[in-house]
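Written below as structure tokens is the structure these notes are about.
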Amino acid sequence: MKTLVVHAHPEPQSFNSAMAARLVDAFKARGDEVATSDLYQMGFNPVASAADFTERGNPDYLNYALEQRHGVKTETIAPDIRAELEKLLWCDTLVLNFPIFWFSTPAILKGWIDRVFVSGAVYGGRAFYDKGRLRGRRAMVTVSLGGRTNMFGPGAVHGPLEDMLRPLLRGTLYYAGFDVVTPFVAHHVPYIDDAARAALLEELDAHVARFDSLETLSYPSLDDFDDQMNPIAAGQGAST
């Protein structure tokens, strides 16, 4: 299997960076071929702009998704996007590793998604959710955060983590067709001692070791909706 680990933390000595290194080792221990994208180390540009295309389909007005499609057809997407897109299309498993910033991803990772999840190659038209172009692949999110375990979940002060990360888990990964497995969460990281952090890394090893049996998050199938994306009543088939 081929695994891509995308890491987004500005400090190489951080616990989150230790998680990224551990992920690489753990997937290699499974026998996977592993590629990495360390976004801060790479100095990855997260800003989507007209400069992402060396040739424009419409030089007078920037419709970014349409220009992505044109760039795929004409091979005129910027070299840094093309290199990351090749990694994305190469992998069977995508792992996104990052610290939670304001209930979300660091901006550099959001920008990587904006620029690399290219329309026409990753999604487009009715090719989304379980019909997405990356279907048959798996994705996992591994995060570190400051909150305690009891602060997340139904009725907790922050609510379920999966709800917090819905734009990423459902609106990005599942939208592109990935089967999204249960996230790994390292809680309360800035406030625990080294022994507790070491234990978390061992838990991460175990999480990867059972990767093939991890549950996937449950989302709707497009088979449950008609051509206009209205829900199909129970017992009715999709229109043809």
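This one's a predicted model, so the numbers in the text were calculated from it and none came from an experiment. For the numbers below, each heavy atom of this structure counts, side chains included, while hydrogens, waters and symmetry mates do not.
Scanning both residues, D130 and R135, for their nearest heavy atoms gives O-CD, 3.5 Å. The two residues K131 and R126 come nearest to each other via the heavy atoms CB-O, 3.8 Å. The shortest heavy-atom contact between A186 and M19 is CB-SD, 4.1 Å.
M140 and V122 sit in two unconnected hydrophobic clusters of ILVMFWY residues. Membership requires side-chain heavy atoms under 4.5 Å apart, directly or through other members. When hydrophobic clusters are built by joining Ile, Leu, Val, Met, Phe, Trp and Tyr residues whose side-chain heavy atoms come closer than 4.5 Å, directly or via intermediates, V141 is not grouped with F27. Clustering ILVMFWY residues whenever any of their side-chain heavy atoms sit less than 4.5 angstrom apart, transitively, puts V116 in the very cluster that holds F128. Linking Ile, Leu, Val, Met, Phe, Trp and Tyr whenever their side-chain heavy atoms come within less than 4.5 Å puts F211 and L201 in one cluster.
Counting heavy atoms from C-beta outward, F184 and V208 have side chains that stay 4.5 Å or more apart. Contact check for E162 versus P183: side-chain heavy atoms found under the 4.5 Å cut-off.
Not a single ring pair (Phe, Tyr, Trp, His ring centres under 6.0 Å) links Y61 to another residue, sequence neighbours left out. Under the ring pair (Phe, Tyr, Trp, His ring centres under 6.0 Å) criterion, F101 pairs with no residue, sequence neighbours left out. H158 pairs by the ring pair (Phe, Tyr, Trp, His ring centres under 6.0 Å) definition with F103, F152, not counting sequence neighbours.
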Contacts table for residues 168-175: side-chain donor-acceptor under 3.5 angstrom, sequence neighbours left out:
unit_1	atom_1	unit_2	atom_2	d
R170	NE	Y129	OH	3.3
T172	OG1	P167	O	3.0
Y174	OH	P220	O	2.5

Return a table of donor-acceptor pairs under 3.5 angstrom between the side chains of residues 89-99 and protein atoms on other chains or two or more places apart.
unit_1	atom_1	unit_2	atom_2	d
D92	OD2	K2	N	2.8
N97	OD1	T142	OG1	2.7
N97	ND2	H7	ND1	3.0
N97	ND2	N16	O	3.1
N97	ND2	N16	OD1	3.0

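Here the straight-line distance linking atom CG of N45 with atom CZ of R115 works out to 4.5 Å at 0.5 Å rounding. For the atom pair CD of E75 and OG1 of T54, the computed distance is 10.0 Å after rounding to the nearest 0.5 Å. F178 contributes atom CZ, which lies 5.0 Å from atom CG of L88 (distance to the nearest 0.5 angstrom). Note that CG of L161 and NE2 of H187 are 6.5 Å apart. Values are rounded to the nearest 0.5 Å.
Judged by distance alone, the side chains of T216 and D179 never bring a donor and an acceptor atom under 3.5 Å apart.
Here side chain to side chain donor-acceptor pair (under 3.5 Å) pairs that include residues 99-112, with residues two or more places apart or in two chains, are E84-W112, K110-D114.
Comment: D25 does not engage K28 in a salt bridge, judged by the lack of any side-chain N to carboxylate O separation of less than 4.0 angstrom.
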